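Working notes, structure below.
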Amino acid sequence: MLKVDQLSYTYRDGTKALNQISFSIPDHSKVAILGPNGSGKSTLFLHFNGIYLPQEGSVEVLGIPVNKKTEIDLKTRVGLVFQDPDDQVFSSTLWEDVAFGPENMGYSQEEIDRRVEKALKSVDMWDYRHKAPYHLSYGQKKRAAIAGILAMDCEIIMLDEPVAYLDPQGQDQLFSLLDELYQQGMSILIATHDVNLACEWADYIILMKDGQILGQGGTELLVQEN
Ligand code: ADP
Ligand code: ADP
């Protein structure tokens, strides 16, 4: 599903955010990219949906090499849930927010309606479709962001610091939704600094620090690291 080979990325100000990293992840996985703030997790995620293109090395997602030609396609196949849902969900109604992706993909109104309804129902937010995201809780906003991704029919969903901003109830709801999506065949990646969360949730963990990979494997990896 994901193949990263000798990937490096340096920001314009000279910050080396990724330094020759390589790993691969099989199809249908629940993966945690674990590392402290600044270790390069977000920079890595932005390569998986074609927002960033590899400067050095290569990235392959769902068998597709990430490059100038494929970036548009990848944006509709790999969805990213931002850490702060206010950066992602801000249209005047929830319906419009979720419709944004399928509208841009050029679907007919009938197909857009079908996708928005299905997506909002699967995150249990259909009753809120006429509401402004502004009035929703952070947990609801995160689920709305996920609905926007489902409406594009993405195969992979990535969440940057998924539990940030959420109360315990919001966290439970989010993870039961993620489990459901995983059962339905989606692959799920999270980026987190929370060791417990990674251990409890993931099948596979990639441990990062300072733009490098310190280790990768099942949760037994962290037992060794601790
Ligand atoms: P994480 O997601 O693990 O917190 P990031 O990928 O956000 O890590 O950041 C990796 C490194 O790149 C950090 O040193 C961070 O300060 C730097 N960085 C992130 N975004 C930018 C940017 N737009 N310009 C310059 N440096 C950046
Ligand atoms: P209600 O149940 O209140 O009659 P629906 O939510 O079923 O309304 O919407 C009917 C149709 O109106 C939808 O299929 C969709 O095409 C359109 N629609 C609904 N909400 C919006 C919105 N916020 N922006 C644009 N079109 C919308």
Side-chain angles (χ1 to χ4, degrees), residues 1-25 29-61 65-68 71 74-75 78-90 138 141-142 145-146 148-149 154 156-166 170-171 174-175 178 187-219 221-222 224-226:
M1 165 184 94
L2 278 177
K3 218 163 147 185
V4 176
D5 189 33
Q6 294 287 310
L7 178 69
S8 294
Y9 193 88
T10 306
Y11 283 101
R12 267 191 212 117
D13 67 359
T15 307
K16 195 152 185 114
L18 297 175
N19 192 356
Q20 297 201 316
I21 65 171
S22 300
F23 63 89
S24 58
I25 295 170
S29 300
K30 279 162 73 173
V31 181
I33 316 279
L34 175 66
N37 285 334
S39 50
K41 307 183 296 294
S42 311
T43 307
L44 185 59
F45 269 5
L46 292 167
H47 282 85
F48 296 153
N49 63 352
I51 304 246
Y52 289 177
L53 303 177
Q55 292 172 339
E56 276 176 56
S58 63
V59 179
E60 206 182 285
V61 181
V66 179
N67 59 40
K68 199 104 199 82
E71 60 185 329
L74 282 171
K75 285 186 184 95
V78 182
L80 175 61
V81 179
F82 299 167
Q83 174 168 357
D84 182 349
D86 287 331
D87 291 340
Q88 188 156 29
V89 196
F90 46 70
Y138 279 109
K141 285 185 217 181
K142 283 228 172 170
I146 292 173
I149 289 165
C154 288
I156 300 177
I157 183 161
M158 312 184 285
L159 300 98
D160 199 350
E161 296 292 356
V163 303
Y165 301 94
L166 303 188
Q171 296 183 14
L174 177 67
F175 279 97
L178 294 181
S187 287
I188 305 184
L189 277 78
I190 66 170
T192 183
H193 62 268
D194 185 333
V195 181
N196 291 328
L197 175 64
C199 285
E200 277 166 28
W201 177 81
D203 294 335
Y204 197 80
I205 294 172
I206 293 176
L207 191 59
M208 286 188 74
K209 201 182 173 201
D210 296 336
Q212 291 183 304
I213 294 184
L214 297 188
Q216 54 186 304
T219 44
L221 171 79
L222 291 159
Q224 285 163 18
E225 292 290 332
N226 289 336

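This is a predicted model, so every value here is computed, not measured. Atoms within each ligand, like the ligands themselves, are counted from 1 in listed order.
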inquiry  = Please check: side-chain N/O of Lys41 versus main-chain N/O of Pro36, any donor-acceptor pairing under 3.5 Å?
reply    = yes
Under 30°, 30 to 60°, or over 60°: which ring-plane class applies to Tyr9 and Tyr11, parallel, tilted or perpendicular?
perpendicular
Notebook entry, point to check: Any donor and acceptor pair, going by atom type alone, linking the side chain of Ser29 with main-chain N or O of Ser187 inside 3.5 Å?
Noted result: no
Exercise. Output yes when a side-chain donor or acceptor of Gln171 lies under 3.5 Å from a complementary backbone atom of Leu166, and no otherwise.
Key: yes
Ligand 1 polar-atom proximity to protein (N/O, under 3.5 Å):
from, atom 1, to, atom 2, distance (Å)
ligand 1, 2 (O), Ser42, N, 2.8
ligand 1, 2 (O), Ser42, OG, 2.6
ligand 1, 3 (O), Ser39, N, 3.1
ligand 1, 3 (O), Ser39, OG, 3.3
ligand 1, 3 (O), Gly40, N, 3.1
ligand 1, 3 (O), Lys41, N, 3.0
ligand 1, 3 (O), Lys41, NZ, 2.8
ligand 1, 4 (O), Gly38, N, 2.7
ligand 1, 6 (O), Thr43, N, 3.0
ligand 1, 6 (O), Thr43, OG1, 2.5
ligand 1, 8 (O), Gly40, N, 3.0

Side-chain donor-acceptor pair present, Thr15, Asp13, cut-off under 3.5 Å
yes
Across all chains, not counting sequence neighbours, the salt bridge (Lys or Arg N to Asp or Glu O under 4.0 Å) partners of Lys141 are Asp86
